[in-house]
Amino acid sequence: MELVNAPVAELKALLTQSFEEWAVEGRSCALSGDATALLFLPALRVANVNWSRITLFWTDEHAVPADDPESNFGIAERMLLSPLGAKVARAIRMPADMPRLEDAAAKYDATLATELSGDPLDLAILGVGEDGHVASIFPGQVSNGEAVVVAVEDAPRPPRRRLTLTMEFLLQTKKIWIVAVGARKLPALHAALSKKQRSTPLDLLLQQAKDVTVFTDQVIRRS
């Protein structure tokens, strides 16, 4: 696990540089949303990469139309995809506005299987919640076995209805970047870096994922 600690402006530059280096070989990237996207999406937008080689997926999505302010895809559309214009990457959104979330999960599961040919994602960019949740995987969520995408009907914070990649699938990802900005993220991040127990999704991710880099503006004292 690598820890990158810098002020926000410098973090953006480091994310841009890291994405440029990753894009030389990488092809599949899953994005997250919420406040974290306000930092990393502009950093990706200015990266000098061949977007035609890259396919974008999403780690999770709220059960709203794509043009809803709560849509993770909608945020990316406004901050990354539309500004890129003609050089935009392929972007395959989660169809979380389908009437039945179970059907939407099955559809995206099949899409990932086809697009990735059974391989893991090359890169996932994740935020982290104050409670240590990642994507829409919250503390206390049970294992999902072989599932890749699941419906969440009762998330502990709104929007309640969501789609998310499972922890089992995320743990296979070749590279994971966690972007944790702001003092409110510090307790969960510090706990995950200093404890051996697995009480939050963030704990599990840091302990078991193949290649994790944490980008943060907070000072972390690792024990």
Side-chain angles (χ1 to χ4, degrees), residues 1-61 66-67 69 71-94 108 111-112 114-128 134-135 165 169-182 185 189 202 205-206 209-220:
M1 197 282 296
E2 181 180 359
L3 181 65
V4 177
N5 177 253
V8 170
E10 188 175 341
L11 279 182
K12 290 182 179 179
L14 291 169
L15 280 165
T16 300
Q17 179 183 348
S18 296
F19 193 76
E20 290 175 343
E21 293 171 354
W22 167 83
V24 174
E25 299 290 341
R27 291 182 177 273
S28 59
C29 174
L31 306 177
S32 55
D34 295 329
T36 305
L38 303 180
L39 175 67
F40 72 75
L41 289 175
L44 303 191
R45 187 175 66 227
V46 300
N48 182 20
V49 301
N50 181 1
W51 285 101
S52 67
R53 297 182 64 255
I54 298 170
T55 301
L56 298 176
F57 301 93
W58 270 260
T59 64
D60 64 316
E61 183 57 283
D67 58 357
S71 169
N72 290 341
F73 175 84
I75 294 172
E77 176 70 26
R78 295 188 297 274
M79 301 188 68
L80 176 64
L81 305 179
S82 290
L84 285 175
K87 64 179 183 179
V88 68
R90 291 180 66 228
I92 304 178
R93 77 179 187 94
M94 284 183 159
Y108 208 66
T111 297
L112 285 167
T114 299
E115 293 286 338
L116 300 177
S117 300
D119 292 331
L121 290 161
D122 292 324
L123 172 66
I125 305 176
L126 297 164
V128 58
V134 295
L165 300 181
F169 183 67
L170 282 174
L171 286 174
Q172 300 174 38
T173 304
K174 295 176 183 178
K175 285 183 179 292
I176 293 176
W177 297 350
I178 296 172
V179 182
V181 173
K185 307 296 178 70
L189 185 57
L202 178 62
L205 200 66
L206 292 184
K210 297 178 180 179
D211 184 340
V212 181
T213 301
V214 176
F215 295 85
T216 182
D217 63 337
Q218 299 299 298
V219 177
I220 306 293

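If you read the sequence from its start, that first residue is 1, and numbering goes on from there.
Glu115 has its side chain within reach of Arg90: a pair of non-hydrogen atoms, C-beta onward, lies under 4.5 Å apart. Leu15 is not listed as a side-chain neighbour of Ile125, based on a closest heavy-atom distance of 4.5 Å or more. With contacts defined as side-chain heavy-atom distances shorter than 4.5 Å, the pair Leu31/Leu41 qualifies. At least one side-chain heavy atom of Ser71 sits less than 4.5 Å from a side-chain heavy atom of Glu61. Under the 4.5 Å side-chain criterion, counting only non-hydrogen atoms from C-beta, Phe215 is not in contact with Leu39.
Counting only distance, with no hydrogens or angles, the side chain of Ser117 and the backbone of Asp119 share no donor-acceptor pair below 3.5 Å. Checking side-chain atoms of Ser32 against main-chain N and O of Ala135 turns up no donor-acceptor pair under 3.5 Å. Counting only distance, with no hydrogens or angles, the side chain of Thr16 and the backbone of Ala43 share a donor-acceptor pair below 3.5 Å. For the pair Lys185 (side chain) and Val128 (backbone), a donor-acceptor distance under 3.5 Å is present. In this structure, the side chain of Tyr108 engages the main chain of Trp58 through a donor-acceptor pair within 3.5 Å. Without hydrogens or angle criteria, Asp217 side chain to Leu11 main chain gives no donor-acceptor distance under 3.5 Å. Of the possible donor and acceptor atoms, one in the side chain of Glu20 sits under 3.5 Å from a partner among the backbone N and O of Asn48. Thr55 places no side-chain N or O within 3.5 Å of a backbone atom of Ser28 that could act as its donor or acceptor partner.
In this structure, CD1 on Ile176 lies 6.5 Å from CG on Leu171, to the nearest 0.5 angstrom. Note: Arg78 CZ to Asp67 CG = 9.0 Å, rounded to the nearest 0.5 Å. Interatomic distance, CG of Asp60 versus CG of Leu165, reported as 7.5 Å (0.5 Å rounding). Here CE of Met1 is found 11.0 Å from CG of Asp211. Values are rounded to the nearest 0.5 Å. Distance check, rounded to the nearest 0.5 Å: CG of Leu44 to CG of Leu56 gives 8.0 Å. Rounded to the nearest 0.5 Å, atoms CD1 (Ile75) and CG (Leu38) are 6.5 Å apart.
The pair Asp122-Arg27 fails the salt-bridge criterion, with no side-chain N (NZ, NE, NH1 or NH2) lying under 4.0 Å from an Asp/Glu carboxylate O.
A pairwise comparison of heavy atoms in Ala209 and Val212 identifies CB-CG2, 3.3 Å as the closest pair. Nearest heavy atom pair, residue Gly26 against residue Ile54, reads O-CG1, 4.3 Å. Summarising the geometry of Pro83 relative to Arg45, their closest heavy-atom pair is CB-CD, 3.3 Å, with the distance given to 0.1 Å.
By the ring pair (Phe, Tyr, Trp, His ring centres under 6.0 Å) test, Phe19 is found to be paired with Trp22, Trp51, residues two or more places apart in sequence or in another chain being considered.
A donor and an acceptor atom, one from each side chain of Thr216 and Asn5, are nowhere located under 3.5 Å apart.
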